[in-house]
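Whatever order the structure lists ligands and atoms in, that order sets their numbers, starting from 1. Here the structure is a predicted model, which means the values were calculated and not measured.
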Amino acid sequence: MRDDINKAVLNALSECRSIDGRQVGELEKSLAEYVGVKHCVSCANGTDAIFLMLAAWGVGKGDAVFVPDFTFFATAEAVARTGAVPIFTDVQRDTFNMDVQSLDSAVQRVKNSGRLNAKAIVAVDMFGLPANYPELSAVAEKYGLLLFQDSAQGFGGEINGRRSGSFGDAGAVSFFPSKPLGCYGDGGAVFTNDTEKVEVIRSLKCHGKGENKYENVRIGINSRLDTVQAAILQVKFDAFKNRELAALQFAAELYNKHLHEKWNSPVVPKGFKSAWAQYTIRFADEYQRDAVQKKLEETGIPTMIYYPKPLSRQQAFKNLEKFEDCPNAEELCKTVLSLPIHPYITIEEICKTAAVINKF
Ligand SMILES: *Cc1c(COP(=O)(O)O)cnc(C)c1O
């Protein structure tokens with residue numbers, strides 16, 4: 001894509017609209033169309049995107065927001081930044097996503113405690129697989145909760161033909177370079193069908209602007225996607241939807257086929273499509289996982305442990321009250337290993353990685 005990206009960058013630079021250039025609006029329009037919602041608002045990163053949607057719906061002090069215990073820190077950090085309290089729920093071992101039973105029980109416990117206002121769910125599309133939004137929506141409806149999507153890893157995923165980003169009240173994505181659709185730095189976006197809230201999001205991301213930037217009607221933040229990043233994303237988005245997503249699916253299927261079944265390949269429920277932000281397998285225990293990782297490293301194959309620690313045990317959250325035990329999250333931190341995957345990985349690379357692992 002080098003020539004196309006170079007051209008897009010040079011165009012953006014020569015147009016001299018480094019903030020809010022035409023590419024930003026064009027990109028927002030085509031992303032909203034792809035996701036299948038009315039509005040897309042770009043911003044500086046995925047963490048801000050989560051914060052902006054929570055803040056636009058009025059989540060704040062005194063509110064409880066339910067998040068999975070097994071995710072990247074930013075999911076709960078964005079909640080805490082609004083003044084609300086993150087409540088950790090367990091996840092399913094096979095899909096890595098929020099466990100609906102655990103969510104239901106956490107909501108009941110928060111309601112019974114009477115100390116916090118049960119307000120919203122932020123579900124995460126872990127490793128690219130959409131969370132179970134049909135089931136999560138039912139819980140949200142049962143208890144009158146807002147439902148938000150942290151789809152930082154999930155852009156391109158689907159449930160029964162409906163794209164990630166379009167579920168619940170709003171969805172947030174990240175364009176961090178390692179995400180399914182990455183730019184050359186930081187970027188993010190919020191997706192929603194809510195035409196009123198979208199105005200609040202646009203205000204919040206620009207210092208709480210009113211009629212214009214120098215009329216400030218609320219306290220906001222400064223969060224925007226640079227024109228040059230939007231220009232790069234326009235080129236990369238074309239490749240993503242036309243080729244890369246299919247290449248990722250092919251790579252994941254090849255891993256599934258070549259890895260011995262005892263390694264617990266990632267489960268994709270019927271009707272779901274993963275965006276394959278990561279290809280993550282589960283081992284019997286920490287010792288086996290660490291031994292395989294070491295062997296792969298010696299062979300020159302890089303792997304990562306996403307994530308080594310559940311959020312509830314992060315120092316930053318050590319003073320939070322616990323409403324649910326999260327044994328699956330604890331276990332996954334000890335047993336998961338993410339293997340190399342990207343749209344340009346070769347068949348030989350996948351076979352070689354699988355062969356090293358299968359030897360164990
Ligand atoms: C990457 C990520 C974020 C944060 O996105 P940034 O663009 O890095 O701020 C939030 N949640 C999850 C699950 C992520 O993987």
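Atom NZ of Lys262 has more than 12 heavy atoms from other residues, nucleotides or ligands within 6.0 Å.
Considering Ala172, Gly46, Ala74, Ala44 only, the shortest heavy-atom separation from atom 6 (P) of ligand 1 involves Gly46. By heavy-atom distance, the residue among Ser174, Gly185, Gly187 lying nearest atom 7 (O) of ligand 1 is Ser174.
Among protein heavy atoms, the minimum distance from atom 11 (N) of ligand 1 is reached at Asp150 OD2, 2.8 Å.
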### Task
Begin from the C-alpha positions of Phe323 and Phe66 and carry the test ring-ring contact (aromatic ring centres under 6.0 Å, His included) through to its verdict.
CA-CA 10 Å; Phe323 287 86; Phe66 302 88; 8.0 Å; no

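Every atom of ligand 1 is numbered from 1 in the order shown, and the set under 4.0 Å from a heavy atom of Val124 is 13 (C). Close contacts between ligand 1 and Thr71 involve ligand atoms 13 (C) [criterion: under 4.0 Å to a heavy atom]. Close approach to Lys179 involves these atoms of ligand 1, each under 4.0 Å from a residue heavy atom: 1 (C), 2 (C), 3 (C), 14 (C), 15 (O). Listed by number with element, the atoms of ligand 1 under 4.0 angstrom from any heavy atom of Thr75 are 11 (N), 13 (C).
Salt-bridge annotation for Lys142 and Asp104: present, with a side-chain N of the basic residue lying under 4.0 Å from a carboxylate O of the acidic one.
Residue contact check for ligand 1: Met126 places no non-hydrogen atom closer than 4.0 Å to it.
Residue-level proximity to ligand 1 for Asn45 is carried by backbone and side chain together, each with a heavy atom below 4.0 angstrom. Contacts between Thr47 and ligand 1, counted as non-hydrogen atom pairs separated by less than 4.0 Å, involve both the backbone and the side chain.
Between the side chain of Arg202 and the backbone N or O of Lys209 there is no donor-acceptor pair closer than 3.5 Å.
With a 6.0 Å cutoff to the six-membered ring centre and a 45° limit on the axis angle, Arg81 counts as a cation-pi contact of Phe51.
For the residue pair Asp69/Tyr307, the side-chain donor-acceptor check at 3.5 Å is not satisfied. Residues Gln249 and Glu253 bring a donor and an acceptor atom of their side chains to less than 3.5 Å of each other.
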